Asker: 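A single structure is presented below for examination.
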Amino acid sequence: MSPIDLKGSNFTLSVLHLNNEDPQIIEQAVREKVSQAPAFFQNAPVVLNVSQISSGTNLKIICRAVTDAGLRIVGISGCQNEKMRKAATRSGFPLLNEGKSARVAEPEIPEPETPAVSSPAAADSACRKTRLINVPVRSGQRIYAPNSDLIVTANVSAGAELIADGNIHIYGLMRGRVLAGAAGDTESQVFCTHLHAELVSIAGQYWLSDQIPGEFAGKAAKLSLVNNELTINNLI
């Protein structure tokens, strides 16, 4: 038997689009983003999109600023010319091509002005708000509910990402990546009616799709942490 196997696989990665060329400004912005949900963003793998910066930018310094702020670059995309491609190669990261879905912007969905329905798992957290999404979440979109639970009453497509500091409820097909307790709340849970997720995470503990017990595929399920380990049960 060979000591290694090289196999193809699919991963959903976040793309960090650079709209500024100042390393200090970039580092500060990344630090602020990481601080919003450290359980999710700290050491998270990202692709660096450089399509909006000039080819004369010192890419090595920018990459160092991003990694110093807490993210881990796994590739560079958006190189517009040969000079930028060579700079990306010299930085030590592979060149990647993004699919069309990676360029879709997050929908502008307003936050609720007042707290809505509290989830059963957060009955002791009356101050927690709930963000309600009544439209499909499409591939490439990311929705984050800081200091809130998140309820989605429509389908979530593969390649989409839902993040909440509290619980997440999905009353439609649950594909994509679902991350509850993003700020470290181990009491957070995930509730869904049709489980087909690419990744499910609670307070940093996660399962990829092939780790989710097969008997729950397409079923209504509840995921929670027990002794800091992900567990799953039927939602009935």
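Keep in mind it's a predicted model, so treat the numbers as computed, not measured.
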Asker: With a 4.5 Å cut-off on side-chain heavy-atom distances among I, L, V, M, F, W and Y, is there a chain of contacts connecting Phe93 to Met84?
Answerer: yes
Asker: Grab the two heavy atoms, one from His196 and one from Ala217, that are nearest each other, plus how far apart they are.
Answerer: CE1-C, 4.4 Å
Asker: Applying the 4.5 Å side-chain criterion to the ILVMFWY set and letting contacts propagate, would Ile170 and Leu230 be lumped into a single cluster?
Answerer: yes
Asker: What distance do Lys219 atom NZ and Asn233 atom CG have between them, rounded to the nearest 0.5 Å?
Answerer: 13.5 Å
Asker: How about Glu161 and Leu179: do any of their side-chain heavy atoms sit closer than 4.5 Å?
Answerer: yes
Asker: Are Val178 and Leu173 grouped together when hydrophobic residues (ILVMFWY) are joined by side-chain heavy atoms under 4.5 angstrom apart?
Answerer: no
Asker: Under 3.5 Å, is there a donor-acceptor pair linking the side chains of Gln24 and Gln28?
Answerer: no
Asker: Within the structure provided, determine whether Leu162 and Val152 are in side-chain contact (heavy-atom separation under 4.5 Å).
Answerer: yes
Asker: Less than 4.5 Å apart, side chain to side chain, heavy atoms only: is that true for Leu18 and Ile26?
Answerer: yes
Asker: Any salt bridge between Glu198 and Arg177, counting N to O under 4.0 Å?
Answerer: no
Asker: Count the heavy atoms of every other residue, nucleotide or ligand shown that sit under 6.0 Å from OH of Tyr206, and state whether that count exceeds 12.
Answerer: no
Asker: Within the 4.5 Å heavy-atom criterion, are Leu16 and Val30 side-chain neighbours or not?
Answerer: yes
Asker: Taking the side chain from Asn167 and the backbone from Gln189, do they hold a donor-acceptor pair closer than 3.5 Å?
Answerer: yes
Asker: Rounded to the nearest 0.5 Å, what separates atom SG in Cys63 from atom CG in Asp68?
Answerer: 11.0 Å
Asker: Would a distance-only check, ignoring hydrogens and angles, find a side-chain to backbone donor-acceptor pair under 3.5 Å from Ser77 to Asn97?
Answerer: no
Asker: Would you say the side-chain atoms of Ser209 pair up with the backbone N or O of Ala197, donor to acceptor, closer than 3.5 Å?
Answerer: no
Asker: I want to check something: taking the side chain as every heavy atom from C-beta on, are Leu96 and Ile76 in contact at a cut-off of under 4.5 Å?
Answerer: no
Asker: State, to 0.1 Å, how close Pro213 and Ile232 come at their nearest heavy-atom pair, and which atoms those are.
Answerer: CG-CG2, 3.9 Å
Asker: Looking only at atom types and distance, does a side-chain atom of Arg72 sit under 3.5 Å from a main-chain N or O of Thr67, one as donor and one as acceptor?
Answerer: yes
Asker: So do the side chains of Glu27 and Ile62 get within less than 4.5 Å of each other, counting heavy atoms only?
Answerer: no
Asker: Between Ser139 and Ser157, does the side chain to side chain donor-acceptor pair (under 3.5 Å) criterion hold? Intermediate values first, please.
Answerer: CA-CA 5 Å; Ser139 180; Ser157 297; over 6 Å; no
Asker: Do Met174 and Val135 sit in one hydrophobic cluster, given that two such residues count as connected whenever their side-chain heavy atoms are within less than 4.5 Å of each other, even indirectly?
Answerer: yes
Asker: Please report the closest heavy-atom contact between Val156 and Ala160, naming both atoms and the distance.
Answerer: CG1-CB, 3.9 Å
Asker: Please tell me whether Ser54 and Glu21 have a donor and an acceptor in their side chains that are separated by less than 3.5 angstrom.
Answerer: yes
Asker: Determine yes or no for a side-chain-to-main-chain donor-acceptor pair under 3.5 angstrom, with Asn227 supplying the side chain and Glu229 the backbone.
Answerer: no
Asker: For the residue pair Leu71 and Val34, establish whether any side-chain heavy-atom pair is separated by less than 4.5 Å.
Answerer: yes
Asker: Can you tell me how far the CZ atom of Phe216 sits from the CG atom of Asn234, to the nearest 0.5 Å?
Answerer: 5.0 Å
Asker: Is a side-chain N or O of Asp165 found less than 3.5 angstrom from the main chain of Asn147, in a donor-acceptor match?
Answerer: yes
Asker: Working note: Ile163 + Arg142, criterion side-chain contact (heavy atoms from CB on, under 4.5 Å); need CA distance, chi angles, decisive distance, verdict.
Answerer: CA-CA 8 Å; Ile163 309 169; Arg142 167 183 285 185; 3.8 Å; yes
Asker: Would you confirm whether Gln80, through its side chain, and Gly78, through its main-chain N or O, come within 3.5 Å as a donor-acceptor pair?
Answerer: yes
Asker: Supply the atom-to-atom distance Ile202 CD1 to Trp207 CH2, rounded to the nearest 0.5 angstrom.
Answerer: 9.0 Å
Asker: Over all heavy atoms of both residues, which pair between Val137 and Ile133 is shortest? Give the atoms and the distance, please.
Answerer: CG2-CG2, 4.3 Å
Asker: In terms of hydrophobic clusters joined by side-chain contacts under 4.5 Å, are Ile73 and Leu95 together?
Answerer: no
Asker: Run the numbers on Val50 and Cys79 for side-chain contact (heavy atoms from CB on, under 4.5 Å), then give the verdict.
Answerer: CA-CA 6 Å; Val50 297; Cys79 296; 4.0 Å; yes
Asker: Can you give me the closest heavy-atom contact between Gly181 and Ser188, atom names plus distance?
Answerer: CA-OG, 3.4 Å
Asker: Roughly how far, to the nearest 0.5 Å, is CD1 of Ile168 from OG of Ser201?
Answerer: 9.0 Å
Asker: Please report the closest heavy-atom contact between Val190 and Ala180, naming both atoms and the distance.
Answerer: CG2-CB, 3.7 Å
Asker: When you measure from the side chain of Thr57 to the backbone N and O of Leu59, does any donor-acceptor pair fall under 3.5 Å?
Answerer: no
Asker: Using atom types as modelled and distance alone, determine if a side-chain donor or acceptor of Thr89 lies under 3.5 Å from a backbone N or O of Arg85.
Answerer: yes
Asker: Determine whether the side chains of Thr130 and Ser148 contain a donor N or O and an acceptor N or O closer than 3.5 Å.
Answerer: no
Asker: Are a donor atom and an acceptor atom from the side chains of Thr153 and Asn134 found within less than 3.5 Å of each other?
Answerer: yes
Asker: For the pair Gln211 (side chain) and Leu208 (backbone), establish whether a donor and an acceptor sit closer than 3.5 Å, ignoring hydrogens and angles.
Answerer: yes
Asker: Please report the interatomic distance CG(Asn81) to NZ(Lys86), rounded to the nearest 0.5 Å.
Answerer: 10.5 Å
